[in-house]
Amino acid sequence: MAVLARLSGIVLTTLAGVLGSVAFEAAAFDRIQAPAPKPEMVENCPGLVAASRPRVMPAALRLARNPDEVRITYVGHSTFLIESPQLVRIATDYNDYVRPPILPDIVTMNHAHSTHYTDRPDPGIRHVLRGWGPSPEQPARHDVSLKDVRVRNVPTNIRDWIGGGTERHGNSIFIYEMANMCIAHLGHLHHTLTQTQLNEIGRVDVVFVPVDGTMTLDLEGMMEVLQALKAPLMLPMHYFSTYTLHRFLERARQNWAVEMSEIPSLVVSKTSLPASPMVRVLPGR
């Protein structure tokens with residue numbers, strides 16, 4: 001009986017060891033097979049003066065608009081007019097077809113196709129920022145400050161329409177920093193964003209989103225980008241019909257509230273941003 005007891009103990013000990021090893025290897029396998037978490041925004045807008053105390057402006061320098069308010073007007077296609085508290089005017093994706101009625105101080109452009117750039121910018125524009133560099137090995141890099149505005153860019157890739165491949169650094173996401181906020185224009189985005197790109201962008205307050213779902217990023221890919229950016233306010237652009245717009249809105253309603261505006265302009269500040277992320281549609285042409 002003593003011998004049988006010892007044999008039984010040895011068998012049980014060996015079996016426990018084997019089962020433990022199997023469980024450990026299974027857990028390790030699960031860790032290897034588990035999908036990597038999707039990139040998401042983890043930090044504030046880099047370089048923004050948001051973390052420091054607001055600057056004191058002398059009464060004589062105050063404009064009619066409050067010093068923390070930014071006016072955004074949807075001109076059409078991918079062009080927005082952004083006006084800072086000190087009335088620095090910026091036009092996004094400035095082109096020959098859709099332009100704001102007033103001359104901007106800064107224009108940003110991308111070159112996926114001709115409705116996103118011009119080779120003939122008005123000579124009165126102080127800063128013309130092209131979102132592509134002289135070659136794929138030399139991406140555009142901008143960091144421009146004017147009065148209360150800072151503009152910088154994060155390069156992304158685009159499809160090569162002729163060869164069917166990829167044009168490296170052919171697009172830029174432009175970030176406009178003013179009034180303690182970061183406003184991002186995704187440009188002609190063709191792919192989801194890496195964690196490195198998201199960190200370089202930083203957490204944004206307002207994002208201009210191309211929602212056509214075909215020429216730019218597909219619908220689910222754009223949802224992934226927006227969920228990673230976590231912007232409180234999302235403004236659609238680059239839609240070619242009410243069908244493409246409402247297809248995006250139908251999908252967006254699964255995640256966020258949607259609001260339709262009757263006028264193409266809005267005034268926004270850090271304190272007036274939505275408490276929960278929302279999509280707001282500004283009418284444009």
Side-chain angles (χ1 to χ4, degrees), residues 38-41 70-82 91-95 97-101 108-110 112-117 156 158-159 161 171-176 181-193 198 201 204-268 272-285:
K38 291 181 179 179
E40 63 175 13
M41 189 52 57
V70 174
R71 183 182 300 278
I72 297 172
T73 302
Y74 185 38
V75 182
H77 201 55
S78 291
T79 302
F80 289 85
L81 177 66
I82 309 170
T92 69
D93 276 17
Y94 188 74
N95 61 81
Y97 308 98
V98 180
R99 289 187 175 182
T108 58
M109 298 188 291
N110 280 295
H113 48 88
S114 60
T115 51
H116 299 266
Y117 74 97
T156 67
I158 59 173
R159 291 186 293 274
W161 301 109
N171 179 72
S172 278
I173 295 173
F174 281 95
I175 299 98
Y176 315 93
M181 292 187 293
C182 274
I183 301 168
H185 187 289
L186 296 183
H188 214 275
L189 187 63
H190 289 183
H191 58 79
T192 56
L193 302 176
L198 286 166
I201 292 167
V204 296
D205 299 290
V206 182
V207 59
F208 304 142
V209 189
V211 303
D212 60 282
T214 52
M215 299 288 285
T216 59
L217 187 57
D218 65 90
L219 194 57
E220 289 306 315
M222 195 60 70
M223 290 296 120
E224 181 178 327
V225 169
L226 294 177
Q227 288 172 327
L229 286 172
K230 302 177 181 177
L233 184 58
M234 296 162 273
L235 304 181
M237 64 175 185
H238 202 259
Y239 48 87
F240 305 106
S241 66
T242 55
Y243 169 76
T244 54
L245 172 62
H246 287 282
R247 180 180 60 185
F248 168 80
L249 296 180
E250 182 178 353
R251 176 62 182 84
R253 285 188 177 95
Q254 298 178 27
N255 299 89
W256 310 290
V258 173
E259 182 178 289
M260 309 293 288
S261 177
E262 295 183 356
I263 59 175
S265 292
L266 63 85
V267 174
V268 63
S272 70
L273 288 168
S276 299
M278 70 171 299
V279 176
R280 180 173 296 170
V281 180
L282 303 180
R285 57 190 176 95

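Residues: numbered from 1 along the sequence shown. None of the values given here were measured: they were computed from a predicted structure.
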Compare every heavy atom of [Y] with every heavy atom of [X], then report the nearest pair and how far apart it is.
X: Thr79; Y: Val98; result: OG1-O, 3.7 Å
X: Ala252; Y: Val258; result: CB-CG2, 4.5 Å
X: Val209; Y: Met234; result: CG2-CB, 4.2 Å
X: Pro232; Y: Pro274; result: O-CG, 3.7 Å
X: Val75; Y: Leu81; result: CG2-N, 4.0 Å
X: Met181; Y: Val268; result: CE-O, 3.6 Å

My understanding is that only residues two or more places apart in sequence, or in another chain, count here; which of them pass salt bridge (charged side-chain N to carboxylate O under 4.0 Å, His left out) with Glu259? Arg280
Sorted by chain and residue number, the salt bridge (charged side-chain N to carboxylate O under 4.0 Å, His left out) partners of Arg253 (sequence neighbours excluded) come out as none
Look up atom [atom1] in [X] and atom [atom2] in [Y], then write down how far apart they are to the nearest 0.5 Å.
X: Met278; Y: Trp256; atom1: CE; atom2: CH2; answer: 12.0 Å
X: Asn110; Y: Ile173; atom1: CG; atom2: CD1; answer: 9.5 Å
X: Leu193; Y: Glu224; atom1: CG; atom2: CD; answer: 8.5 Å
X: Thr244; Y: Leu219; atom1: OG1; atom2: CG; answer: 10.5 Å

Evaluate the criterion side-chain contact (heavy atoms from CB on, under 4.5 Å) for residue pair Leu273 and Val206; output intermediate values, then yes/no. CA-CA 9 Å; Leu273 288 168; Val206 182; 4.1 Å; yes
Non-neighbouring partners of [X] that pass side chain to side chain donor-acceptor pair (under 3.5 Å), sequence neighbours left out:
X: Ser265; answer: Thr73
X: Ser78; answer: none
X: Gln254; answer: Arg251

Within the 4.5 Å heavy-atom criterion, are [X] and [Y] side-chain neighbours or not?
X: Leu235; Y: Leu266; answer: yes
X: Leu249; Y: Met260; answer: yes
X: Asp205; Y: Ile183; answer: no
X: Leu217; Y: Thr192; answer: yes
X: His185; Y: Asp93; answer: yes
X: Pro236; Y: Phe248; answer: yes

Would you confirm whether [X], through its side chain, and [Y], through its main-chain N or O, come within 3.5 Å as a donor-acceptor pair?
X: Asn95; Y: Tyr117; value: no
X: Asn171; Y: Thr156; value: no
X: Ser261; Y: Ile263; value: yes

Using the rule given for ring pair (Phe, Tyr, Trp, His ring centres under 6.0 Å), can you reason through His77 versus Tyr239, listing the C-alpha separation, both sets of side-chain angles and the distance that settles it, and then say yes or no? CA-CA 7 Å; His77 201 55; Tyr239 48 87; 9.1 Å; no
For the residue pair Tyr176 / Thr92, report whether a side-chain donor-acceptor contact shorter than 3.5 Å exists. no
Check ring pair (Phe, Tyr, Trp, His ring centres under 6.0 Å) between Phe80 and all other residues, then give those that pass, not counting sequence neighbours. Tyr74, Phe208
Criterion side-chain contact (heavy atoms from CB on, under 4.5 Å) on Val225 and Leu186, from CA distance to verdict: CA-CA 10 Å; Val225 169; Leu186 296 183; 4.2 Å; yes
Could you label the plane-to-plane angle of the Phe240 and His238 rings as parallel, tilted or perpendicular, counting under 30° as parallel and over 60° as perpendicular? perpendicular
Side chain to side chain contact (heavy atoms under 4.5 Å, CB included) partners for Ala231, two or more places apart: Val204, Val207
Non-neighbouring partners of Ser276 that pass side chain to side chain contact (heavy atoms under 4.5 Å, CB included), sequence neighbours left out: none
Residue pairs fulfilling salt bridge (Lys or Arg N to Asp or Glu O under 4.0 Å) with at least one residue in residues 207-218, sequence neighbours excluded: none
